Amino acid sequence: MNTSVIRAHGEAAPVVASPPVPLPFTFRLALGLVGVLLATLTAGINSRITSIALADLRGAFGIGYDAGTWFTACYAAAEVAAMFVAPWLAVTFSLRRFGITMTLIFAGLGVLCPLAPTADSLMLLRILQGLAAGSLPPLLMTAALRFLPWHAKIYGLGAYALTATFGPNLALPLSALWTEGVGWQWVFWQIVPPCLMGAALIAYGLPQDPLRLERFKGADWQGALLGCVGIVCLVLALEQGERLDWLHSPLIRALLVGAGVLLPLFLLHEWSHPQPLIKLQLLARRNFAYGVSTLALMMLVVTIGNLPLLYMSQVHGFRPLQVAPLALGHALAQLLLAPLVATLINRRGVDARWVAGLGLLLLSMACLAGSQLTSAWAMENFYLIQMLQAVGQPMVVVPLLMISTGVVHPMEGPFASAMVNGIRGVCTVVGVALMDALLSHREQFHSFVLLDHLAARGHHPATGTLADLAGRVSDQAHVLAMADAYLAVTAVLAVMFLLLLFLPTRAYPPPPPNVTAPH
């Protein structure tokens with residue numbers, strides 16, 4: 001085995017370093033990767049389901065609306081911050097040991113959350129659970145890039161794509177099941193069985209690497225502090241901005257200033273540090289830059305998946321249980337479509353860029369159809385839109401993962417994983433915040449326009465019909481705002497088309513099994 005002698009930063013003694021020996025891909029190793037996937041999907045579902053069931057949780061704990069928003073905001077901030085440091089910790093403690101520990105901590109905190117005696121203790125448990133949950137998604141990409149053979153990596157990336165397309169859509173029907181039929185405690189407890197199974201599979205299947213505690217001597221402590229605090233400031237500002245009226249709030253201004261100062265310092269620091277948390281130099285590779293930028297925009301696009309639930313609840317008064325079939329169908333379709341797309345682009349005759357372009361076209365068609373939304377729509381009117389989204393999303397996400405990670409060496413997997421997952425986490429919060437702000441402002445705009453139009457026509461309702469008129473105006477304003485949101489997402493898709501045309505180069509499938517991949 002070839003080794004190279006490197007001199008650690010700040011040390012006089014040489015350190016012998018060599019990349020991990022590639023392991024044969026066995027059924028046992030495959031089970032270990034399934035365990036990582038199971039834990040990651042569970043973390044994604046937990047993040048979304050507690051937001052959907054927030055009203056029930058506030059009622060159970062006697063928490064007001066304003067205080068309740070901080071539970072989701074603090075969880076999201078902790079989750080995103082952990083995504084940047086988890087790959088470094090996994091390399092230091094070993095992926096197997098770190099994955100098992102975080103999975104079990106995540107499940108244990110889920111058991112304790114419903115038993116919290118006070119709102120403050122629940123907040124602490126949720127923050128700690130957010131840290132554990134955010135540590136799991138980066139492990140999936142790191143494990144796929146490291147352990148899967150070259151010809152099968154695309155299927156691992158297809159499994160990773162499920163965390164963005166399958167998990168969030170499954171959260172709605174699960175939330176409806178627990179809150180409507182079983183008990184709100186199961187919003188937290190549902191994670192225990194899959195986490196225990198995931199931890200057991202990780203322990204059985206993944207190899208045990210040695211501890212590398214010597215990495216702490218040159219650890220990027222300053223970068224971790226700058227990045228984590230900056231990310232927390234940014235996420236909290238985005239989560240609370242619309243409720244506190246953005247720059248009119250001293251707290252939001254302080255958080256944005258903190259993020260605006262700390263995050264640029266973090267990026268400058270990472271550029272030159274010998275053991276960075278993220279490797280910004282990867283962005284010099286066109287395909288990786290395309291993958292990161294497109295994934296960031298994709299997180300804005302997937303927010304339209306919430307609009308049918310929002311429409312049916314605000315305009316027609318539906319409960320989540322009544323809208324659950326839409327989300328469930330979307331989620332289950334991903335289990336079939338993600339591997340099919342991976343199989344398609346794993347052929348040398350198929351250009352992944354064309355597949356991604358077709359996916360963007362289908363998503364654009366869904367948004368244009370959604371822009372025709374009226375108050376007369378029923379749930380059946382969303383079936384075509386949901387079908388186009390269900391097909392289009394994996395056709396975009398899986399190819400962009402193939403294109404971007406194809407230029408990443410397996411030894412660079414932790415750096416790529418930290419960047420991809422961190423940016424994905426931040427942009428998920430950005431997407432939700434932008435969608436909330438857009439819907440709020442367009443709803444106010446359309447309300448003023450409708451009321452001015454009624455006044456111009458000299459419509460003066462009697463006192464008894466005033467409340468009815470106000471309700472109709474409000475419903476119509478909500479409908480028009482959601483139609484505007486679909487159009488706004490169409491503009492984002494147009495930007496993604498431009499990136500696809502000018503940025504990535506052709507990415508070919510990995511070599512067949514009998515061809516040795518370069519190291």
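Fair warning: this is a prediction, and the values are worked out from it, not measured in the lab.
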- For Gln314, the side chain to side chain contact (heavy atoms under 4.5 Å, CB included) test, sequence neighbours excluded, returns Leu310, His478, Met482
- Distance only, no hydrogens: is a donor on one side chain within 3.5 Å (strictly under) of an acceptor on the other, for Thr69 and Glu239? no
- Item | Atom of Phe147, atom of Leu33 and distance for their closest heavy-atom approach | CD1-CD2, 4.1 Å
- Item | ring pair (Phe, Tyr, Trp, His ring centres under 6.0 Å) involving Tyr486 - partner list, sequence neighbours excluded | none
- Message: More than 12 heavy atoms of other residues, nucleotides or ligands under 6.0 Å from CZ of Phe497: yes or no?
- Response: yes
- Message: Between Phe93 and Trp88, is the ring pair (Phe, Tyr, Trp, His ring centres under 6.0 Å) condition met? List the steps.
- Response: CA-CA 9 Å; Phe93 293 105; Trp88 189 93; 7.8 Å; no
- Query: Can you name the nearest heavy-atom pair linking Val355 to Pro399, along with the distance?
  - Reply: CG1-CG, 3.9 Å
- Search all heavy atoms of Pro87 against all heavy atoms of Pro414 and return the closest pair with its distance. CB-O, 3.3 Å
- Message: Closer than 3.5 angstrom, by distance alone: can the side chain of Arg96 be matched with the main-chain N or O of Ala203 as a donor-acceptor pair?
- Response: yes
- Side-chain donor-acceptor pair present, Arg424, Thr163, cut-off under 3.5 Å: yes
- Task: Please check if any side-chain donor atom of Gln322 sits under 3.5 Å from a side-chain acceptor atom of Arg319, or the reverse.
- Result: no
- Backbone N/O of Tyr290 and side chain of Ser293: donor-acceptor pair under 3.5 Å: yes
- Message: Tell me the closest heavy-atom pair linking Val85 and Cys228, and the distance in Å.
- Response: CG1-SG, 3.9 Å
- Item | Whether Arg58 side chain and Gly68 backbone form a donor-acceptor pair below 3.5 Å | no
- Message: Please check: side-chain N/O of Ser440 versus main-chain N/O of Asp436, any donor-acceptor pairing under 3.5 Å?
- Response: no
- Check ring pair (Phe, Tyr, Trp, His ring centres under 6.0 Å) between Phe382 and all other residues, then give those that pass, not counting sequence neighbours. Tyr311, Trp377
- Message: Is it the case that atom CE in Met197 sees more than 12 heavy atoms from other parts of the structure closer than 6.0 Å?
- Response: no
- Task: Answer yes or no: are there more than 12 heavy-atom neighbours, outside Met365 itself, under 6.0 Å from its atom CE?
- Result: no
- Scan for side chain to side chain donor-acceptor pair (under 3.5 Å) pairs involving residues 294-308, sequence neighbours excluded, and state none if there are none. Arg48-Asn306
- Task: Say whether, by atom type as modelled, one donor and one acceptor occur between the side chain of Ser417 and the main chain of Pro138 under 3.5 angstrom.
- Result: yes
- Task: Go through the structure and list residues passing ring pair (Phe, Tyr, Trp, His ring centres under 6.0 Å) with Phe188, not counting sequence neighbours.
- Result: none
- Task: Using side chain to side chain contact (heavy atoms under 4.5 Å, CB included) as the criterion, point out the one residue from Leu38, Asn421, Thr103 that pairs with Leu136.
- Result: Thr103
- Item | Short side-chain to backbone donor-acceptor contact, Trp189 and Val111, under 3.5 Å | yes
- Is there a donor-acceptor contact under 3.5 Å from the side chain of Gln334 to the main chain of Ala390? yes
- With no hydrogens and no angle check, do the side chains of Thr50 and Arg126 hold a donor and an acceptor under 3.5 Å apart? yes
- Item | Partners meeting ring pair (Phe, Tyr, Trp, His ring centres under 6.0 Å) with Trp70 (sequence neighbours left out) | none
- Message: Can a donor-acceptor pair be found, under 3.5 Å and without considering hydrogens, that links the side chain of Ser371 to the backbone of Leu368?
- Response: yes
- Message: When you measure from the side chain of Ser313 to the backbone of Leu309, do you find a donor-acceptor pair of N or O atoms at a distance under 3.5 Å?
- Response: yes
